[in-house]
Each structure stands twice: as C-alpha cells, then as structure tokens.
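Just so it is clear, the values below take in all heavy atoms, side chains as well, and ignore hydrogens, waters and symmetry mates. Whatever order the structure lists ligands and atoms in, that order sets their numbers, starting from 1. Nothing here was measured: the structure is a model prediction, and the numbers come from that model.
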Amino acid sequence: MLTIPIILGSTRRGRQSPKVARFLHQRLQAAGVQSELLDLADYDFPIMEERLSKRDDPPPRLREFAAKVAAADALCIVTPEYNNGIPGVLKNALDYLWPEYARKPFGIATVSSGGFGGLYALSALRQVVIGLRGFTIPAAFPVSNVEKAFPDDGSPADASLEKRADKFLAELIWFAEAIQARKQKDAPAA
Ligand SMILES: Cc1cc2nc3c(=O)[nH]c(=O)nc-3n(C[C@H](O)[C@H](O)[C@H](O)COP(=O)(O)O)c2cc1C
C-alpha cells in the first residue's frame, strides 16, 4: 500500500485551505492510499535555525514530522498563494529536512480566494521541490474562489472538483508507484 501524506501549508486564522486538504485526504483514502494530514498549525515549528540533520536539539515534534516524510512514497502539498508565492510557514517547515525528500514525487494543490487558483504559488513551489531533489508531477490541483468552491461544510460545491481531484491524485499515485518500483530494484535483497 502506498503512503502519501498531505502537508497543509496554511496556518492563517480563518484559513480555507484545510477544506481542500481534508477533501484530498478523503479521496486519497478512497483510492486505497494510506494518508495522513500533516497540519503545520499543529506542528508550530519555530523559525528554522538549522536543518534537522545538524541539530542535536531539534524543535518539538520535528523528528516525528521527518519520520512521516521519510516513510512517504510521495507527498501532496496543499498551499495557499500569498503575495504571488507560498506562505513562509510552509517554506520554513520544508527547509528543516533534506534527505527525507530525495526522489519523491510531489503533487501540489494551490488555494486562492481569487480566480487564478494560486498559479504563482504553484510555480514557486515547483522551484522549491526541485531544490529539495523531489519530482514535481506535471498535474496540479489549483482551487480558485475557494470560499465558493468549498462552502462551509467543506464539501465541494461542484462535481467537477471531484473529477479534477481524482485525475490529479491518479497521476500522483502513478508516479509514486513507478518510483517505488524503481527504488525496489535498488533495495538490498531480504
Ligand atoms: C498575506 C496574504 C496574501 C495573499 N496574496 C494572494 C495572492 O498573491 N494571490 C491570490 O490569489 N490570493 C492571495 N491572497 C488571498 C488568498 O488566496 C486567500 O486568503 C485564500 O483563502 C488563502 O488560503 P487560506 O485561507 O488557507 O489562507 C492572499 C491572502 C493573504 C492573507
């Protein structure tokens, strides 16, 4: 079974992105993937002073977060767009780790209250993922007008979102399976 956690990169008061993250989480589970929501608001990491590998006094729960990223076959990130980029809290959390990301596929979902779905954030995060030595998959899940797309109870307003989400997640699963199979060739025989 594949393991694909979802990193939620919004900690803003009154944030909308959790609705998108919970929705993708449910759809990943429905697709038979083991998934957990890693909400950066719960982790509350301080400003990064050094990577985990160089710290003997890591912030609380950083090792736990690192272990979940290390155990993942792929990662899904849900990020809002702030000032044409990604939130500092997300970049800060990502910068703490390094070996944990190597050769992992990343699927990116972006969230915006406007009509462009956070495409600048998508582009910015793709650059970061390459820096982390991950693989940014070609498919993405941009959500425009999030408050209308996911009204209060958090279910999508329109069935087309489900269709788009499943197509995006199917691509992420495809890459996760392909890379998992290749990594198994490198693994020492049991
Ligand atoms: C500091 C800040 C900057 C923002 N900048 C942008 C932006 O550049 N482009 C955009 O489409 N929306 C922008 N927005 C609106 C967000 O897309 C909107 O708040 C959305 O709900 C973000 O997700 P969140 O609710 O999880 O924070 C910004 C919002 C904040 C708080």
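- Considering only non-hydrogen protein atoms, atom 14 (N) of ligand 1 sits nearest to Glu81 O, 3.4 Å.
- Protein heavy atom nearest atom 5 (N) of ligand 1, with residue, atom name and distance: Asn83 N, 2.8 Å.
- In this structure, Asp73 contributes its side chain and Thr3 its backbone to a donor-acceptor pair below 3.5 Å.
- The pair Asp39-Arg15 meets the salt-bridge criterion, since a charged nitrogen lies less than 4.0 angstrom from a carboxylate oxygen.
- Here the shortest heavy-atom distance to atom 21 (O) of ligand 1, taken over Gln16, Arg13, Lys19, Arg15, belongs to Gln16.
- Atoms of ligand 1 found under 4.0 Å from any heavy atom of Ser113 (numbered from 1 in listed order, with element): 15 (C), 16 (C), 17 (O), 18 (C), 20 (C).
- Note: Phe141 and Phe168 have parallel aromatic rings, judged against thresholds of 30 and 60 degrees for the angle between ring planes.
- Nearest protein neighbour of atom 30 (C) of ligand 1, counting heavy atoms only, is Tyr82 CD2, 3.5 Å.
- For atom 8 (O) of ligand 1, the closest non-hydrogen atom on the protein side is Asn84 N, 2.9 Å.
- Counting protein heavy atoms only, atom 22 (C) of ligand 1 is closest to Pro80 CB, 3.4 Å.
- Taking a 6.0 Å sphere around OH of Tyr82, one finds it holds more than 12 heavy atoms contributed by other residues, nucleotides or ligands.
- Atoms of ligand 1 found under 4.0 Å from any heavy atom of Ser10 (numbered from 1 in listed order, with element): 24 (P), 26 (O), 27 (O).
- The nearest protein atom to atom 31 (C) of ligand 1, hydrogens excluded, is given as Arg12 CD, 3.6 Å; this is a heavy-atom distance.
- The distance from ligand 1 to the heavy atoms of Val146 drops below 4.0 Å at these ligand atoms: 21 (O).
- For atom 11 (O) of ligand 1, the closest non-hydrogen atom of the protein is Ser112 OG, 2.8 Å.
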Yes or no on ring-ring contact (aromatic ring centres under 6.0 Å, His included) for Phe45 and Phe65, after CA distance, side-chain angles and deciding distance?
CA-CA 10 Å; Phe45 296 133; Phe65 179 74; 5.3 Å; yes
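- Side-chain rings of Phe135 and Phe175 stay apart, their centers remaining 6.0 Å or farther from each other.
- With hydrogens and angles disregarded, no donor-acceptor distance shorter than 3.5 Å links the side chain of Arg103 to the backbone of Lys183.
- Applying the 6.0 Å contact sphere to CG of Asp186 captures more than 12 heavy atoms from other residues, nucleotides or ligands.
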